[in-house]
*Asks:* 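Here it is: the structure, laid out below.
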Amino acid sequence: MILAGGRGTRLLDLTSKVAKPAVYYGGKYRIIDFPLSNCANSNIGVVGVLTQYESVLLNAYTAQGSRWGIDGRDNGVFVLPPREKNEGFGKYRGTADAIYQNIDFMDMYDPEYVLILSGDHIYKMNYDKMLDFHKQQNADVTIAGLEVTWEEAKRFGIMNTNEKDEIVEFEEKPAHPKNNLASMGIYIFSYKALRKALIADAPDDKSDHDFGKNIIPTFLNEGKKIVAYRFKGYWKDVGTIDSLWQANMDLLDENDLLNMEDDSWKIYTEDVPTTPQFIGKKARIKRAYINQGCVVNGTIENSVLFRDCRIHKNAKVIDSVLMPEVVVEEGAVVRNCIVAEGLVIPAGASIGNKDKIELISKKAQVK
């Protein structure tokens, strides 16, 4: 079950009309491609995607389960927006409530275990190995955790564990964290225990109906066995313009930990029909991702270009991310920017600031 209803307001205009999981990343992908591809590569055949905010594009995109190979006779990717029920129509009140409102969907498959994911993180993970760990530990809940910097720890749910990695305390965004093992928002529940907890939580008016604030603490209070599954690898919460830019730049690093070239764990996505890329005679390119359909006659340095971008002669794109169909006209300079889809940077314009990352959107004034 993938929670994909987030607004992503800190991504500013990039999420004004689309949900955060549908935001572009990496020259070719959308963020939601990562958890869906992880599911496909982990041989998970039934995936529910719970959408809410600005969901039209995301619903249409994720409904095409064949993109990730999750489309067999008894398999599929199922889009699960809030529905009208006997008590009326209401939005998802929290992460736990979103899962609760889809108990009937899960009951159809009568699972022994349920994997709950966030739809807006960049990472590769074999969930099958995490499930093996869950079984070996005979746990009621297993939570994937990653060691973050102490400064970052304040932004996450922090798991305090004993020597066996059993979680003895869960602190949601603590002001003074006791350790730096952060929850990645990836849970495996034994379904019977989860179902019982969700039904008990639903009518509680004092509850936030949230996994980190309510469900996990309830399990702890009841003495349920909760263990931490320590993740070693690349993981990024791209919740801000700076972090989205940095995640794109990470792909260009010689020591790129995400390793998109790894054929053993592919990330699948939409393949948009377009022309081959064209690199002009006077083009200068230094360390860049350049997708199909791009025409480059200028200079590209340390940048990521999505499909169908046009870089005219004497134009420069440096340390930047260009979304699909961006045009940089003759002599223009783009530096330290994320440029939104379809924007035209006029001839001779110079945009960007060497001291900070800027989002150049369709609402921006470009001169």
Side-chain angles (χ1 to χ4, degrees), residues 2-37 49-62 81 118-123 155 185 235-252 258 260 267 269-270 272 288-291 293-294 302-311 317-328 332 334-345 349 351-353 355-366:
I2 302 179
L3 297 164
R7 288 178 175 268
T9 54
R10 291 179 297 166
L11 289 175
L12 308 176
D13 288 343
L14 292 180
T15 51
S16 63
K17 294 296 182 183
V18 299
K20 181 182 173 185
V23 168
Y24 289 114
Y25 164 78
K28 183 176 182 179
Y29 309 95
R30 295 183 188 270
I31 297 172
I32 192 71
D33 289 329
F34 286 81
L36 281 169
S37 295
V49 181
L50 287 69
T51 63
Q52 181 160 270
Y53 170 75
E54 290 291 351
S55 61
V56 173
L57 186 151
L58 184 60
N59 289 352
Y61 186 76
T62 55
S118 171
D120 53 11
H121 297 150
I122 303 294
Y123 66 106
R155 297 174 39 230
W235 181 85
K236 197 84 168 182
D237 179 359
V238 286
T240 65
I241 294 300
D242 282 355
S243 62
L244 180 61
W245 177 88
Q246 186 60 60
N248 278 276
M249 294 300 106
D250 288 346
L251 294 173
L252 304 175
L258 195 57
M260 298 299 288
I267 302 300
T269 190
E270 178 182 37
V272 178
Y289 267 20
I290 302 175
N291 201 0
C294 290
N302 199 49
S303 294
V304 174
L305 275 61
F306 283 74
R307 61 171 176 81
D308 297 319
C309 289
R310 301 286 187 272
I311 312 302
V317 177
I318 303 169
D319 298 328
S320 294
V321 179
L322 273 53
M323 301 298 190
E325 300 178 1
V326 169
V327 177
V328 183
V334 179
R335 184 187 302 271
N336 279 3
C337 291
I338 296 178
V339 183
E341 182 176 6
L343 197 66
V344 177
I345 309 301
I351 63 171
N353 188 320
D355 297 322
K356 66 176 184 178
I357 307 305
E358 294 186 13
L359 170 64
I360 309 301
S361 71
K362 292 183 178 180
K363 295 181 180 178
Q365 296 296 315
V366 180

*Asks:* What's the shortest heavy-atom distance between M249 and S303, and which atoms?
*Replies:*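 That closest heavy-atom pairing would be CE-CA, 4.4 Å.
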*Asks:* Which pair of heavy atoms, one from P35 and one from G119, lies closest together, and at what distance?
*Replies:*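 That closest heavy-atom pairing would be CG-CA, 4.1 Å.
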*Asks:* Of all the heavy-atom pairs spanning E54 and K17, show the shortest one and how long it is.
*Replies:*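 For E54 versus K17, the nearest heavy atoms are OE1-O, 3.3 Å.
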*Asks:* Quick check: do I267 and L258 have side-chain heavy atoms less than 4.5 Å from each other?
*Replies:*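 A side-chain contact under 4.5 Å is absent here.
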*Asks:* Could you grab the distance from atom OH of Y25 to atom CG of L244, nearest 0.5 Å is fine?
*Replies:*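 These two atoms lie 8.5 Å from each other.
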*Asks:* Measuring from I241:CD1 to D13:CG, what's the distance to the nearest 0.5 Å?
*Replies:*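 Output value for this atom pair is 8.5 Å.
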*Asks:* Measure the shortest side-chain to side-chain distance between C337 and I351 over non-hydrogen atoms and say whether it is less than 4.5 angstrom.
*Replies:*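 The answer is yes; the side chains approach within 4.5 Å.
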*Asks:* For Y123, which residues count as a side-chain hydrogen bond (donor to acceptor under 3.5 Å, both in side chains) partner, sequence neighbours excluded?
*Replies:*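 Here the qualifying residues are Y127.
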*Asks:* Is there a side-chain contact between W245 and D319, using heavy atoms and a 4.5 Å cut-off?
*Replies:*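 W245 reaches D319 side chain to side chain.
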*Asks:* Decide yes or no on side-chain contact (heavy atoms from CB on, under 4.5 Å) for E325 and R307, but give the supporting numbers first.
*Replies:* CA-CA 6 Å; E325 300 178 1; R307 61 171 176 81; 3.1 Å; yes
*Asks:* Drop me the distance from I31's CD1 to L36's CG, to the nearest 0.5 angstrom.
*Replies:*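 CG of L36 is found 12.5 Å from CD1 of I31.
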*Asks:* Which pair of non-hydrogen atoms, one from F306 and one from K28, has the smallest distance, and what is that distance?
*Replies:*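 For F306 and K28, the tightest heavy-atom pair comes out as CE2-N, 3.4 Å.
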*Asks:* Let me confirm one number: the CD1-OG1 distance from I32 to T62, rounded to the nearest 0.5 Å.
*Replies:*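 Reported to 0.5 Å precision, the distance equals 6.5 Å.
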*Asks:* Given 3.5 Å as the limit, does a donor-acceptor pair link the side chain of Y53 with the main chain of T15, or not?
*Replies:*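 Pair found, side chain donor or acceptor close to backbone of T15.
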*Asks:* Going by side chain to side chain contact (heavy atoms under 4.5 Å, CB included), name the residues that satisfy it together with R310, two or more places apart in sequence or in a different chain.
*Replies:*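 Side chain to side chain contact (heavy atoms under 4.5 Å, CB included) check on R310 returns V295, D308, H312, V327.
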*Asks:* Using 0.5 Å steps for rounding, measure from the CG atom of N353 to the CZ atom of R335.
*Replies:*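 Separation between the atoms: 10.5 Å.
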*Asks:* Once side chain to side chain contact (heavy atoms under 4.5 Å, CB included) is applied, do any residues pair with S55, and if so which ones, sequence neighbours excluded?
*Replies:*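 If we apply the side chain to side chain contact (heavy atoms under 4.5 Å, CB included) test to S55, skipping adjacent residues, the hits are T51, N59.
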*Asks:* Taking atom CG of L305 and atom CG of N291, what is their separation to the nearest 0.5 Å?
*Replies:*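 Result: 9.0 Å between the selected atoms.
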*Asks:* Check V238 against A247 and note the closest heavy-atom contact, atom names and distance.
*Replies:*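 Closest approach of V238 to A247: CG1-CB, 3.6 Å.
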*Asks:* Identify which one of I357, N248, N336 satisfies the side chain to side chain contact (heavy atoms under 4.5 Å, CB included) criterion when paired with V321.
*Replies:*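 Of the listed residues I357, N248, N336, the side chain to side chain contact (heavy atoms under 4.5 Å, CB included) partner of V321 is N248.
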*Asks:* Any sub-3.5 Å donor-acceptor pair from Y61's side-chain atoms to R30's backbone N or O?
*Replies:*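 Not confirmed, Y61 side chain does not pair with R30 backbone.
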*Asks:* If every non-hydrogen atom of D120 is compared with every non-hydrogen atom of P21, which pair is closest and at what distance?
*Replies:*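 The answer is CB-CG, 4.3 Å.
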*Asks:* Less than 4.5 Å apart, any side-chain heavy atom of L322 and any of I311?
*Replies:*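 L322 vs I311: side chains touch.
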